[in-house]
Amino acid sequence: MSSVNQEEEELPANHTGPKGVINDWRRYKLDSVDQTVPQKKRELLRQMSNPRDDDKERQNRKMSAQEYELIQEEDERCLKRYRKQCMQEMHERLSFGPKFECVHELESGEAFLEVIEKEHRLTLVVVHIYQHGVKGCEQMNSCLDCLAAEYPTVKFCRIDAVATGAAERFSSEVLPTLLVYKAGELLGNFLAITKHFNEEFFATDVEGFLNEYGLLSEKEFSACGDDEDDAGEVE
């Protein structure tokens with residue numbers, strides 16, 4: 001058997017469960033270990049990362065004090081990169097459906113019904129019913145423009161009250177109104193929603209209000225926070 005095949009047999013497949021996660025982390029550390037690390041420590045890390053099938057005693061023994069000390073000495077930034085990589089992979093596996101990333105203008109009552117009834121059953125639809133000149137409507141439109149960029153899997157829409165064909169139901173007293181749907185079902189009906197905010201409100205206020213009702217999904221995963229931490233550690 002060639003040396004290449006022997007190396008492939010030594011590398012175990014990715015595992016699940018606590019032991020599998022630990023082994024995956026050890027293999028990640030082996031790949032990223034600095035070559036300036038003394039040979040003795042590199043060999044110890046290699047043994048921890050790639051246990052041979054024929055060495056059952058070493059696989060089953062408890063972690064030695066030397067191994068524990070080696071893990072403690074490893075660079076914390078490498079752990080952050082590993083955690084970020086795992087979160088990105090998990091996010092990619094869980095992501096589904098179309099991305100919208102902007103507010104859609106609905107021109108008629110038919111378009112309003114279509115977006116409610118024909119959108120994917122797992123897609124959350126938020127509809128803003130507004131009217132030009134009504135206090136709070138323009139500001140709400142600006143807030144939803146921001147939220148649409150932060151929640152691209154949520155379909156944000158707006159429609160003029162007159163265009164709905166039911167203007168009598170949406171008088172200026174109940175505007176701006178937010179309606180929230182999923183799979184054709186009405187989950188939230190917020191008339192005159194600005195009464196819940198200060199006179200001057202922002203996208204974060206609308207976001208917080210919807211989150212109180214558990215209506216918004218999690219934001220798109222962003223690695224900005226970890227990147228900033230890594231940058232701050234560079235001397």
Side-chain angles (χ1 to χ4, degrees), residues 87-88 90-92 94-228:
M87 292 178 66
Q88 288 173 331
M90 179 179 66
H91 177 75
E92 290 173 0
L94 297 178
S95 294
F96 66 89
K99 301 294 180 70
F100 304 102
E101 300 180 337
C102 65
V103 180
H104 296 258
E105 187 76 33
L106 305 178
E107 303 293 344
S108 65
E110 289 76 13
F112 176 50
L113 292 176
E114 183 176 353
V115 76
I116 295 170
E117 296 173 354
K118 295 186 178 181
E119 194 53 66
H120 191 284
R121 63 183 182 83
L122 296 179
T123 296
L124 190 74
V125 179
V126 179
V127 181
H128 173 212
I129 302 178
Y130 70 94
Q131 186 173 325
H132 293 292
V134 174
K135 184 178 180 180
C137 287
E138 183 177 351
Q139 200 167 349
M140 179 61 67
N141 279 332
S142 297
C143 291
L144 296 187
D145 286 335
C146 294
L147 294 181
E150 295 188 14
Y151 295 87
T153 60
V154 177
K155 187 165 188 176
F156 289 91
C157 306
R158 56 177 166 243
I159 184 171
D160 191 296
V162 176
T164 64
E168 67 280 357
R169 295 181 55 189
F170 298 108
S171 64
S172 59
E173 286 76 15
V174 300
L175 299 180
T177 288
L178 281 189
L179 304 178
V180 183
Y181 297 87
K182 192 172 187 179
E185 180 182 356
L186 180 65
L187 302 182
N189 181 17
F190 306 110
L191 305 178
I193 189 172
T194 50
K195 68 184 179 183
H196 299 283
F197 309 134
N198 295 326
E199 184 172 353
E200 186 177 11
F201 61 93
F202 305 93
T204 52
D205 298 311
V206 180
E207 177 186 32
F209 178 82
L210 294 175
N211 276 330
E212 286 182 7
Y213 291 86
L215 294 174
L216 287 181
S217 58
E218 292 187 2
K219 292 183 181 179
E220 284 289 286
F221 171 76
S222 173
C224 294
D226 283 346
D227 290 343
E228 290 176 358

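Computation of the quantities below employed the complete heavy-atom set of this structure, encompassing side-chain atoms and omitting hydrogens, waters and symmetry-equivalent molecules.
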Working to the nearest 0.5 angstrom, can you tell me the gap between Leu210 CG and Leu216 CG?
4.5 Å

Nearest heavy-atom pair of Ala163 and Glu107: which atoms, and what distance?
CB-O, 3.7 Å

Identify the heavy atoms of Val125 and Glu119 that sit nearest to each other, and give their distance.
CG2-CG, 3.9 Å

Residue pair Phe190 / Leu215, side-chain heavy-atom distance below 4.5 Å:
yes

Please find the pair of heavy atoms, one from Ala203 and one from Cys143, that lie closest to each other, and give the distance.
N-SG, 3.4 Å

How long is the gap from CZ on Phe202 to CG on Leu147, to the nearest 0.5 Å?
13.5 Å

Counting heavy atoms not belonging to Glu168, are there more than 12 under 6.0 Å from its CD?
yes

Enter the distance from Ile193:CD1 to Leu175:CG here, rounded to the nearest 0.5 Å.
12.0 Å

Partner residues of Ser108 under the side-chain hydrogen bond (donor to acceptor under 3.5 Å, both in side chains) criterion, sequence neighbours left out
Glu110

Does any part of the side chain of Val115, heavy atoms only, come nearer than 4.5 Å to the side chain of Lys155, both counted from C-beta?
yes

More than 12 heavy atoms of other groups within 6.0 Å of Glu105 CD
yes

How close do Thr177 and Ala192 get, counting heavy atoms only, and between which atoms?
OG1-N, 3.9 Å

Any side-chain heavy-atom pair from Ile116 and Leu179 closer than 4.5 angstrom?
no

Start with the C-alpha distance between Leu144 and Leu178, add both sets of side-chain angles, then the distance that settles side chain to side chain contact (heavy atoms under 4.5 Å, CB included), and finish with yes or no.
CA-CA 11 Å; Leu144 296 187; Leu178 281 189; 4.1 Å; yes

For Tyr181, enumerate each residue passing the ring pair (Phe, Tyr, Trp, His ring centres under 6.0 Å) test, keeping only those at least two apart in sequence or located in another chain.
none

Ile159 side chain near Val127 side chain, heavy-atom distance below 4.5 Å
yes

Would you confirm whether Gln139, through its side chain, and Phe201, through its main-chain N or O, come within 3.5 Å as a donor-acceptor pair?
yes

Steps toward side chain to side chain contact (heavy atoms under 4.5 Å, CB included) verdict (Arg158, Asp145):
CA-CA 10 Å; Arg158 56 177 166 243; Asp145 286 335; 3.4 Å; yes

Rounding to 0.5 Å, atoms CD (Gln131) and CD (Glu138) come to a distance of 13.5 Å

Rounded to the nearest 0.5 Å, the CG atom of Asp205 sits from the OG1 atom of Thr194 at a distance of 12.0 Å

Using the six-membered ring wherever Trp is involved, compare the ring planes of Phe209 and Tyr213 and label them parallel, tilted or perpendicular (cut-offs 30° and 60°).
tilted

Please enumerate all residues that pass ring pair (Phe, Tyr, Trp, His ring centres under 6.0 Å) together with Tyr130, with sequence neighbours excluded.
His128, His132

Between Pro152 and Glu101, what is the shortest heavy-atom contact and its length?
CB-CG, 3.4 Å

Step by step, would you call Tyr151 with Val126 a side chain to side chain contact (heavy atoms under 4.5 Å, CB included)?
CA-CA 11 Å; Tyr151 295 87; Val126 179; over 6 Å; no

Restricting to non-hydrogen atoms, name the atom on Leu106 and the atom on Phe112 that form the minimum distance, rounded to 0.1 Å.
CD1-CA, 3.8 Å

Would you say the side chain of Met140 lies within less than 4.5 Å of the side chain of Val206, judging by non-hydrogen atoms?
yes

